[in-house]
Asks: 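After the structure tokens below, expect a handful of questions from me.
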Amino acid sequence: QVQLVESGGGFVQAGGSLRLSCAASGNIFIINRMGWYRQAPGKQRELVAAITPGGSTNYADSVKGRFTISRDNAKNTVYLQMNSLKSEDTAVYYCNVDYQNLLLLYQTSWGQGTQVTVSS
């Protein structure tokens with residue numbers, strides 16, 4: 001069992017910034033890909049950004065140049081720095097972690113979600 005604890009969501013005006021954090025703990029041998037997804041009301045969950053253990057990243061076109069994903073492998077933590085926020089960024093943001101547990105089985109885990117609301 002792996003626990004993901006998210007923090008950093010909240011309410012911000014358009015043009016503002018927020019930083020999300022997600023810390024993983026528990027039955028982990030090694031963490032592979034870490035990512036952030038979001039789901040707005042009435043819409044499907046979508047990938048926002050992801051990062052590999054070596055630091056390779058990919059972003060949704062809608063956030064390129066505004067959001068930055070990073071990770072601290074020593075702390076099993078992934079971050080999402082969100083700048084120049086727009087009202088369309090309003091959503092629940094979910095952390096997702098792919099990992100191998102102590103039995104070396106490949107698993108995936110989701111955070112509980114954190115609300116980001118951007119007011120125009």
Side-chain angles (χ1 to χ4, degrees):
Q1 195 80 336
V2 168
Q3 294 77 44
L4 300 181
V5 178
E6 301 174 4
S7 61
F11 182 92
V12 65
Q13 290 191 333
S17 298
L18 285 174
R19 189 189 193 215
L20 306 183
S21 299
C22 174
S25 63
N27 183 8
I28 300 171
F29 174 69
I30 191 169
I31 294 180
N32 299 315
R33 176 181 172 275
M34 306 180 86
W36 289 96
Y37 289 73
R38 68 185 181 187
Q39 188 166 19
K43 295 187 176 181
Q44 289 189 328
R45 191 173 297 189
E46 63 175 356
L47 175 68
V48 176
I51 186 168
T52 67
S56 297
T57 59
N58 66 288
Y59 295 92
D61 288 342
S62 59
V63 307
K64 283 180 181 177
R66 301 187 297 120
F67 290 11
T68 302
I69 189 170
S70 61
R71 63 190 284 171
D72 184 333
N73 292 328
K75 296 181 179 180
N76 288 343
T77 300
V78 61
Y79 306 96
L80 185 68
Q81 178 67 43
M82 304 185 293
N83 298 330
S84 302
L85 282 160
K86 306 175 181 179
S87 57
E88 50 263 45
D89 295 319
T90 295
V92 178
Y93 285 70
Y94 297 90
C95 172
N96 173 254
V97 170
D98 294 332
Y99 65 97
Q100 284 179 271
N101 64 17
L102 297 177
L103 296 177
L104 303 184
L105 298 175
Y106 288 90
Q107 309 267 291
T108 191
S109 185
W110 290 90
Q112 79 281 5
T114 185
Q115 177 70 46
V116 171
T117 303
V118 184
S119 171
S120 57

Asks: Under the criterion side-chain contact (heavy atoms from CB on, under 4.5 Å), I'd like the reasoning laid out for Asp72 against Tyr79: C-alpha separation, chi angles, the key distance, then a yes or no.
Replies: CA-CA 8 Å; Asp72 184 333; Tyr79 306 96; 4.1 Å; yes
Asks: Can you name the nearest heavy-atom pair linking Gln39 to Lys43, along with the distance?
Replies: NE2-O, 3.1 Å
Asks: Please say whether more than 12 non-hydrogen atoms of neighbouring residues, nucleotides or ligands are located less than 6.0 Å from CZ in Phe11.
Replies: yes
Asks: Under 3.5 Å, is there a donor-acceptor pair between the Asn76 and Ser25 side chains?
Replies: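 There is no such pair (donor and acceptor under 3.5 Å, judged by atom type) between the side chains of Asn76 and Ser25.
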Asks: Flag yes if Tyr59 and Tyr93 sit in one hydrophobic cluster, no otherwise; membership is Ile, Leu, Val, Met, Phe, Trp, Tyr, and two members link when side-chain heavy atoms are under 4.5 Å apart.
Replies: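 Same cluster: Tyr59 reaches Tyr93 through Ile, Leu, Val, Met, Phe, Trp or Tyr contacts under 4.5 Å.
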Asks: To the nearest 0.5 Å, how far apart are OG1 in Thr77 and CG in Leu4?
Replies: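 Going from OG1 on Thr77 over to CG on Leu4, the span is 10.0 Å.
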Asks: Do Gln115 and Thr117 have side-chain N/O donor and acceptor atoms under 3.5 Å apart?
Replies: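 Thr117 and Gln115 do have a side-chain donor-acceptor pair below 3.5 Å.
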Asks: Test side-chain contact (heavy atoms from CB on, under 4.5 Å) on Leu18 and Val116 and set out the steps.
Replies: CA-CA 9 Å; Leu18 285 174; Val116 171; 3.9 Å; yes
Asks: Taking atom CG of Asp89 and atom OG of Ser62, what is their separation to the nearest 0.5 Å?
Replies: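 Nearest 0.5 Å value for the CG-OG distance: 7.0 Å.
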Asks: Which heavy atom of Arg38 sits nearest to which heavy atom of Ala91, and what is that distance?
Replies: CB-CB, 3.9 Å
Asks: Using every non-hydrogen atom in the two residues, find where Gln112 and Val5 come nearest and quote the distance to one decimal.
Replies: OE1-CA, 4.4 Å
Asks: Test: side chain to side chain donor-acceptor pair (under 3.5 Å). Region: residues 4-17. Which pairs qualify, not counting sequence neighbours?
Replies: Ser17-Asn83
Asks: Going through the checks in order, is the side-chain contact (heavy atoms from CB on, under 4.5 Å) test met by Arg71 and Ile31?
Replies: CA-CA 11 Å; Arg71 63 190 284 171; Ile31 294 180; 3.6 Å; yes
Asks: If hydrophobic clusters are built from ILVMFWY residues whose side chains come within less than 4.5 Å, do Val12 and Val63 share one?
Replies: yes
Asks: If two hydrophobic side chains count as joined below 4.5 Å and joins carry through other members, does Leu102 share a cluster with Leu105?
Replies: no
Asks: Looking at side-chain heavy atoms only, is the closest gap between Val97 and Ile28 below 4.5 Å?
Replies: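 Side-chain contact under 4.5 Å: no.
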Asks: Taking Ser84's backbone N and O only, do any of them form a donor-acceptor pair with Arg66's side chain (distance below 3.5 Å, no angle check)?
Replies: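 Judged by distance alone, yes, a pair lies under 3.5 Å.
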Asks: Where does the angle between the aromatic ring planes of Trp110 and Tyr94 fall among parallel (under 30°), tilted (30 to 60°) and perpendicular (over 60°)?
Replies: perpendicular
Asks: Tell me whether Ile69 shares a hydrophobic cluster with Phe67, the cluster being built from Ile, Leu, Val, Met, Phe, Trp, Tyr side chains joined at under 4.5 Å.
Replies: yes
Asks: I need the Ser120 OG to Glu88 CD distance, nearest 0.5 Å.
Replies: 9.0 Å
Asks: Under 4.5 Å between side-chain heavy atoms, hopping through other hydrophobics if needed: is there a path connecting Ile51 to Leu20?
Replies: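 Linked within one cluster.
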Asks: Let me confirm one number: the OG1-CE distance from Thr57 to Met34, rounded to the nearest 0.5 Å.
Replies: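 Atom-to-atom, Thr57:OG1 and Met34:CE are 14.5 Å apart.
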Asks: Any chance you could measure Asn101, atom CG, to Ser109, atom OG, to the nearest 0.5 Å?
Replies: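 It comes to 11.5 Å.
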Asks: For the residue pair Val2 and Ala24, what are the closest heavy atoms and their distance?
Replies: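 Scanning both residues, the minimum pair turns out to be CG1-CB, 4.4 Å.
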Asks: After noting the C-alpha distance and the side-chain angles of Asn32 and Gln100, does the key distance pass the side-chain contact (heavy atoms from CB on, under 4.5 Å) rule?
Replies: CA-CA 8 Å; Asn32 299 315; Gln100 284 179 271; 4.2 Å; yes
Asks: So Thr108 and Arg33, do their side chains get closer than 4.5 Å, heavy atoms only?
Replies: no
Asks: Determine, for Asp61 against Lys64, whether the closest basic-nitrogen to carboxylate-oxygen distance falls under 4.0 angstrom.
Replies: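 Looking at Lys64 together with Asp61, the answer is yes, because their closest N to O distance falls below 4.0 Å.
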